[in-house]
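Quick notes on the structure that follows.
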Amino acid sequence: MARVKVFKNYINGKWQASSSGETFDSVNPANTREIVGRFQQSTRKDVNDAVTAATAALPKWKKTPAPHRGEILFRVAELLVKYKESLAQDMTREMGKIIKETRGDVQEAIDMAYYTAGEGRRLLGETVPSELNNKFNMSVRMPVGVVAAITPWNFPIAIPSWKLIPALVCGNTVVMKPASDTPLSVYHLVKICEEAGLPPSVLNMVTGSGESVGTPLMDHSKIDLVSFTGSTDTGSIVAAHCAKQMKQYSLEMGGKNAIIVMDDADLNLAVEGVLWGAFGTTGQRCTACSRVIVHKKVLKKFTSMLLKRTKDLRVGDGLNEKSEMGPLVNEAQRQKVLNYCKIGVDEGAKLLTGGSCLSGKGLSKGFFFEPTLFANVSPKMRIAQEEIFGPVLSIISCRSLDHAVQIVNDSKYGLSSAIYTRDVNRAFKAIETLDTGITYINSSTIGAEIQLPFGGTKGTGNGHREAGTAALDVFTEWKAVYVDYSGTLQKAQIED
Ligand code: NAD
């Protein structure tokens with residue numbers, strides 16, 4: 001058996017073993033016999049060391065001119081480009097999604113790094129007129145301080161980069177805690193930052209479980225902001241902890257996204273969009289399409305077209321360029337998906353295809369699952385309400401656009417939505433009435449670009465957005481500045 005490589009924490013500019021002396025293995029979900037790497041099972045002490053280092057590095061980093069911070073991030077972008085293919089290959093090995101998608105995941109980090117590096121020369125504030133003579137009013141952005149970045153496994157480089165890069169350009173220092181299924185990709189990202197010349201301690205990384213690392217990290221008194229992406233259940237724990245300590249937090253959480261297919265839609269286009277939204281990343285995207293709401297006039301035709309394409313999907317190891325869908329990330333996730341398929345059948349939905357684990361040739365050592373379609377789903381069923389996070393799609397019938405919008409909005413989540421229609425009036429009505437943070441017209445629920453705000457309403461978030469210039473509002477505090485050059489005491493709002 002090949003020797004397993006051991007990866008260390010990054011604390012105070014040094015690669016260090018955990019004080020626990022313990023490690024955990026990350027395995028390839030397409031072939032569990034392959035151990036991708038051995039990582040540190042870290043402790044409260046490791047977290048404390050990392051936060052202490054990040055706190056000590058803050059004053060100097062904050063004083064580093066933002067354009068210089070941006071220059072380092074340009075180098076990060078260049079290195080991500082240089083290593084893109086090997087990063088993608090390792091990412092497929094550690095979390096399973098197909099190689100085309102892991103290349104896209106790295107590309108998202110590249111886009112984020114180029115875009116955000118430029119913010120080093122903007123970080124725009126406002127100048128506004130004063131109500132008094134000889135007085136100048138402006139607002140400037142200040143870093144928040146030491147940021148804890150807690151991330152999930154489904155976008156192993158993209159999501160960490162969405163937090164790390166804006167945090168750094170704004171002058172914050174960072175402690176990263178990657179998901180235990182995908183620490184390798186974050187290790188690579190940290191290595192790249194080191195190679196790009198990021199000063200020691202500005203970025204620290206501690207691996208380990210949510211309980212042993214995530215909790216002490218978010219609870220640490222020197223952490224000023226927790227930037228979290230993960231499930232709504234964990235997010236609400238993060239919120240409760242942070243609220244108690246009056247510290248800032250931004251939450252990006254679950255989704256139950258839907259695509260509406262109207263009777264005037266281009267059905268071929270809609271089928272491709274639904275397929276990509278439902279089965280891309282094996283359904284493990286926060287923006288995955290897990291409900292398709294189809295106008296009753298085209299329901300039969302659309303369902304038969306979609307069923308055919310679903311049955312034809314090639315499931316396999318993501319490193320095989322021919323695979324169209326990889327495995328689920330781990331056995332727990334596979335059991336969860338299997339259980340939801342049972343729930344769907346018990347609730348009276350009609351299983352059109354799928355619903356089982358796959359163990360055929362080349363699949364028996366991985367967490368593979370059949371692409372699954374349910375018909376006759378009613379909007380209140382659990383499979384239509386709860387986040388499954390797997391390749392399971394529910395088909396729901398609707399009578400009209402208003403009815404479809406009502407079904408989409410009847411959800412505790414509000415991340416992404418889409419509508420296929422050729423009618424511009426319907427498209428704009430959908431934009432106006434769908435209660436989600438993202439709406440696509442004639443496109444799938446997935447495929448966000450980094451220059452626009454990303455996030456959702458209701459149980460998906462807490463009002464913040466990642467990416468675009470919106471990210472700057474998470475990672476900076478506003479300061480309003482009034483400069484009175486009158487030489488007299490001028491009183492705003494007070495009449496003489
Ligand atoms: P998760 O909530 O289980 O874990 C997310 C991170 O939180 C991991 O690093 C985990 O170790 C850590 N964690 C777990 N318990 C913790 C605790 N008590 N205290 C502190 N940290 C803790 O989520 P996951 O399974 O890794 O990811 C899947 C979920 O993420 C899905 O619900 C998906 O919708 C969501 N997600 C949301 C977005 C978004 O932008 N809205 C993007 C991707 C994924």
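Indexing begins at 1, ligand by ligand and atom by atom, following the structure's order. Heavy atoms only: backbone and side chains are in, while hydrogens, waters and symmetry mates are out.
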### side chain to side chain contact (heavy atoms under 4.5 Å, CB included) involving Ala430 - partner list, sequence neighbours excluded
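Partners of Ala430 by the side chain to side chain contact (heavy atoms under 4.5 Å, CB included) criterion, ordered by chain and then number, come out as Ile419, Leu434.
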### Task
With sequence neighbours left out, write down each residue that passes side chain to side chain contact (heavy atoms under 4.5 Å, CB included) with Leu363, or none if nothing qualifies.
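Checked Leu363 against side chain to side chain contact (heavy atoms under 4.5 Å, CB included); matches are Leu358, Phe368.
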### Task
Could you please spell out the steps behind the side-chain contact (heavy atoms from CB on, under 4.5 Å) verdict for Asp224 and Lys247?
CA-CA 6 Å; Asp224 300 295; Lys247 67 175 58 155; over 6 Å; no
### Query
Would you say the side-chain atoms of Lys163 pair up with the backbone N or O of Thr151, donor to acceptor, closer than 3.5 Å?
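Checked: no pair found.
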### All pairs passing ring pair (Phe, Tyr, Trp, His ring centres under 6.0 Å) where residues 432-477 contributes a residue, at least two apart
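The answer is Trp162-Phe454.
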Just the distances, no angles: every ligand 1 N or O to protein N or O pair closer than 3.5 Å, one line each.
from, atom 1, to, atom 2, distance (Å)
ligand 1, 2 (O), Ser231, N, 2.9
ligand 1, 2 (O), Ser231, OG, 2.8
ligand 1, 2 (O), Thr234, OG1, 2.7
ligand 1, 9 (O), Thr151, O, 2.7
ligand 1, 9 (O), Lys177, NZ, 3.2
ligand 1, 11 (O), Lys177, NZ, 2.9
ligand 1, 19 (N), Thr215, OG1, 3.4
ligand 1, 23 (O), Ser231, N, 3.4
ligand 1, 25 (O), Trp153, NE1, 3.0
ligand 1, 26 (O), Trp153, NE1, 3.2
ligand 1, 30 (O), Gly230, O, 3.3
ligand 1, 32 (O), Glu387, OE1, 2.6
ligand 1, 34 (O), Glu387, OE2, 2.6
ligand 1, 41 (N), Met253, N, 3.3
ligand 1, 41 (N), Met253, O, 2.7

### Task
State which residue, out of Asn154, Asp105, Thr102, Thr92, fulfils the side chain to side chain donor-acceptor pair (under 3.5 Å) condition with Lys97.
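Only one of Asn154, Asp105, Thr102, Thr92 forms a side chain to side chain donor-acceptor pair (under 3.5 Å) with Lys97, namely Asp105.
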